[in-house]
Amino acid sequence: MLASQVEDVWRGRIKIINERPYLQDEAFIAASLQFLATNTPLKDMMFRHTRDTLREYYRLGLLEKDVPRREVCDNAITLEPTREADLYRQVSDYVRHFYRLAQKEQRKALGFLMTLYRKRLTSSFYAIQQSLQRRLDSLLTQQVIGGEAAALGEWRCGYQGDRTRYS
């Protein structure tokens, strides 16, 4: 009875006027979660392979290379509000400027890359430093001697001196 009620609700065959009784019914919520997990439209299109699964594929010979093993270490650092605020402002200005340029030039991949820099900045100082260094290296390799290479070079010079501080 509950299973058919859940299916009817989620397939839109029952119109819900007051959702409160459903939200307070723990059995309905549990059955809904199971129904939605089983009937998601992505189930046939999306696969998630964990590192353990990929390592098993390697062990079975289905992958040529083993999955790298990570050693995650949390390093607590003392934040200096003026220095970190300046870093966030400079990275945000850089991303905002070149994201707008990418939009004007219809370069969606570059725009996407710029949004990733913001996420990297909030993730780890080391991550953003490495990402921006790779970007600078790429620009220099392409011999782009324009505003972006100069802006990145200035940013790098301002923050590379104290690597341990941002790693």
Heavy-atom check, side chain of F35 versus side chain of V9, under 4.5 Å:
no
side-chain contact (heavy atoms from CB on, under 4.5 Å) assessment of Q5 paired with W10
CA-CA 9 Å; Q5 180 188 13; W10 287 108; over 6 Å; no
Do R69 and R55 have side chains that get closer than 4.5 Å, going by heavy atoms?
yes
Is there a donor-acceptor pair under 3.5 Å between the side chain of S138 and the backbone N or O of R134?
no
Which pairs pass side chain to side chain donor-acceptor pair (under 3.5 Å) with one or both residues in residues 19-31, sequence neighbours excluded?
none
All heavy atoms of I128 vs all of Y117, minimum pair found to be CD1-O, 3.3 Å
Check: L132 and V91 side chains under 4.5 Å, non-hydrogen atoms:
yes
Derivation and outcome, side-chain contact (heavy atoms from CB on, under 4.5 Å), residues Q129 and R120
CA-CA 9 Å; Q129 188 269 338; R120 289 271 170 99; over 6 Å; no
Heavy-atom pair of closest approach, residues A31 and L2:
CB-CD2, 4.0 Å
N/O donor-acceptor pairs under 3.5 Å from side chains in residues 56-68, not counting sequence neighbours:
from	atom 1	to	atom 2	distance (Å)
E56	OE1	R59	NE	3.2
E56	OE2	R59	NE	3.4
E56	OE2	R59	NH2	2.6

Given a cutoff of under 4.5 Å between side-chain heavy atoms of I, L, V, M, F, W and Y, with clusters grown through shared members, what are the other residues clustered with M1?
none
Scan residues 87-97 for pairs that pass salt bridge (charged side-chain N to carboxylate O under 4.0 Å, His left out), counting only residues two or more places apart or in two chains.
D86-R89, R89-D93, D93-R96
So CD1 of I16 and CD1 of I14: to nearest 0.5 Å the spacing works out to 7.5 Å
So R135 and Y94, do their side chains get closer than 4.5 Å, heavy atoms only?
yes
Pairwise distance CZ(R13) to OG(S4) - rounded to 0.5 angstrom:
9.0 Å
